[in-house]
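Structure first, then comments.
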Amino acid sequence: MSSTAMADQIGNDHPDGVDQGLVNYYKINETGRGQWKTIDMEQDLHDWDSSMLIAQGVANDDRRAYRDAQNSEIPVDLYALYAAYDSSNLYLMWEMVNPTDAVTPWAQEILWHGKLNERDDLDFPFYIALKTDKGITSNTIGQNAFIGGDTSRTIWNSRNAFTQGITDLVGIHSKVENTDTQLFKGTNYGGLNATPSYSNITVMKGNSILSKEVNGFTTYGSGRQTDDVKHDSSNIVDLKTRGHDPNKYDFHYVVKIPLSNLGISGSYIQQNGIGVQVVSTYSGDKSRGTDSLPYDMATKAEMQDFDSTIPSKYSSKLAMIGGSN
């Protein structure tokens, strides 16, 4: 097997990530690389601020936004990702938006469905992909990320594959009462080792967001082109100017991961940096990602071929936490 093929097999073929060619509203590490700060998980957004922003998305770019307005899918729309860390823990917070009130205000059924973080009857996985080693590493979660050697089953049957040399993959639930949080570690052949549930990974949810603007696409429906995220900046505006109410419709998740689970320290993050990508899904079993931060064109694969068993291959540059440029 050639070295190129081997790299692809173990998930190292894009160790530095690939520029997705997106409009400039999408940003990675423009503000910074997170902050050394202890986050009180009981204080909602009190300890978070804009200096911790590491990846910026655009509203109205998830799967639902490319379907006709009368569809009743609840939005699963990632908007911004923040990070902090201290000597013991890594903290991540991401904002999610429901821009229906501004984009298709007549589609009241979608608004009646409420917010994902408040729905006890829905439980969609989120995946947190982490890279704690620089460059090409031997222990990755890549194309061969199958459970127990069963080539039909990836983590929670997600059909998501990573090509950036991911070393750790955390799976959590949108329904935070479901504490079956899993941390998977890479192997030297691009597979994964499933560990027991980590009860010390904390997941919390809340309403509202930090962002002062909610920049999003004003277009909607099946007539949209899936590559509009690469060229259609003319249809992106602050949706608050169109009547969007973040306090009513937007929300967030906060995750605390003990650094002991990752085998690193706060000083390691501060000196070397680690990479992260968060992927959201619309349903549980066999659901490929439908949005991500940093944004990745792999999320379009699910819309183009929902029934395919071929995993979506993520290749975006990762958002960096700590380290230096």
Side-chain angles (χ1 to χ4, degrees), residues 7-8 10-22 24-35 52-58 78-85 90-95 126-143 145 155 158 160-172 183-186 190 192 229 253 255 257 259 261-264 266 268-281 288-289 291-301 311-325:
D8 181 74
I10 66 173
N12 273 322
D13 49 330
H14 299 124
D16 298 317
V18 176
D19 188 329
Q20 302 292 291
L22 307 171
N24 61 10
Y25 283 89
Y26 293 92
K27 304 179 189 299
I28 304 174
N29 293 123
E30 181 171 274
T31 300
R33 292 176 169 234
Q35 297 287 342
M52 303 173 190
L53 178 66
I54 59 171
Q56 180 65 63
V58 174
L78 293 168
Y79 186 67
L81 176 63
Y82 301 75
Y85 58 96
L90 170 65
Y91 307 91
L92 297 170
M93 185 272 285
W94 57 86
E95 299 174 339
F126 290 98
Y127 299 101
I128 304 169
L130 295 162
K131 182 176 182 178
T132 60
D133 291 346
K134 287 188 172 183
I136 293 179
T137 177
S138 60
N139 293 317
T140 62
I141 296 172
Q143 270 46 299
I155 174 175
S158 67
N160 292 314
F162 298 90
T163 69
Q164 309 104 311
I166 300 303
T167 56
D168 300 83
L169 187 63
V170 178
I172 69 168
L183 172 64
F184 296 81
K185 289 186 171 292
L192 55 77
V229 294
Y253 284 89
V255 179
I257 304 172
L259 296 180
N261 292 356
L262 304 176
I264 58 175
Y268 176 89
I269 296 177
Q270 189 173 48
Q271 295 168 15
N272 299 285
I274 62 174
V276 63
Q277 183 175 35
V278 174
V279 176
S280 63
T281 68
R288 289 178 289 182
D291 205 354
S292 67
L293 291 169
Y295 191 83
D296 201 305
M297 291 301 293
T299 61
K300 301 302 188 190
S312 300
K313 294 184 179 181
Y314 288 79
S315 62
S316 169
K317 292 179 181 293
L318 301 177
M320 295 303 298
I321 305 168
S324 62
N325 296 327

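All figures in this text were calculated on a predicted structure; none of them were measured in a lab.
Between atom OG1 of residue Thr31 and atom CG of residue Leu53 there is a gap of 4.5 Å, rounded to the nearest 0.5 Å. Here the NZ atom belonging to Lys300 is positioned 7.5 Å from the CG atom belonging to Asp291, to the nearest 0.5 angstrom. For the atom pair NE2 (His14) and NZ (Lys317), the distance works out to 11.0 Å, reported to the nearest 0.5 Å. To the nearest 0.5 Å, the span separating CZ on Arg33 from OH on Tyr85 amounts to 10.0 Å. One finds the CG atom of Leu293 at 9.5 Å from the OH atom of Tyr26 (value rounded to the nearest 0.5 Å). The CD1 atom of Ile172 sits 10.5 Å away from the OH atom of Tyr127 when rounded to the nearest 0.5 Å.
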Determine, step by step, whether Ile128 and Trp94 satisfy the side chain to side chain contact (heavy atoms under 4.5 Å, CB included) criterion, reporting the C-alpha distance in whole Å, the side-chain angles of both residues, the deciding distance to 0.1 Å, and the verdict. CA-CA 11 Å; Ile128 304 169; Trp94 57 86; 4.0 Å; yes

Verify side chain to side chain contact (heavy atoms under 4.5 Å, CB included) between Val58 and Tyr295, making sure each step is shown before the conclusion. CA-CA 9 Å; Val58 174; Tyr295 191 83; over 6 Å; no

Residues Ile274, Leu90; criterion side chain to side chain contact (heavy atoms under 4.5 Å, CB included); working and verdict: CA-CA 10 Å; Ile274 62 174; Leu90 170 65; 4.1 Å; yes

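Considering every non-hydrogen atom in both Ile28 and Leu318, the closest pair reads CG2-O, 3.7 Å. Nearest heavy-atom pair, Phe126 versus Ser280, reported as atom, atom and distance to 0.1 Å: CE2-CB, 3.6 Å. Of all non-hydrogen atoms in Met320 and Gly275, the two that sit nearest each other are SD-CA, 3.9 Å. For the residue pair Ile269 and Ile321, the shortest heavy atom distance occurs at CG2-O, 3.5 Å. The heavy-atom pair separating Leu169 from Ala129 by the smallest distance is CD1-CA, 3.8 Å. Considering every non-hydrogen atom in both Ile54 and Gly34, the closest pair reads CG2-N, 3.5 Å.
Under the 3.5 Å distance criterion, with hydrogens and angles disregarded, a donor-acceptor pair is assigned to the side chains of Thr132 and Thr167. Side-chain contact check for Tyr82 and Glu95: at least one donor-acceptor pair (N or O, by modelled atom type) lies under 3.5 Å.
Taking 4.5 Å as the limit, every side-chain heavy atom of Ile264 sits out of range of all side-chain heavy atoms of Asn272. Side-chain contact between Met297 and Val229 is present, with heavy atoms from C-beta onward closer than 4.5 Å.
Looking only at distances, no side-chain donor or acceptor of Gln270 sits under 3.5 Å from a matching main-chain atom of Gly323. Using a distance-only test at 3.5 Å, with no hydrogens or angles considered, a donor-acceptor pair links the side chain of Gln164 to the main chain of Ser316. Judged by distance alone, the side chain of Gln56 and the main-chain N or O of Ala80 form no donor-acceptor pair under 3.5 Å. Listed for the Asp296 side chain is a donor-acceptor partner under 3.5 Å among the backbone atoms of Ser315.
Legend: residues meeting ring pair (Phe, Tyr, Trp, His ring centres under 6.0 Å) with Tyr314, ordered by chain and number and at least two apart, are Phe162.
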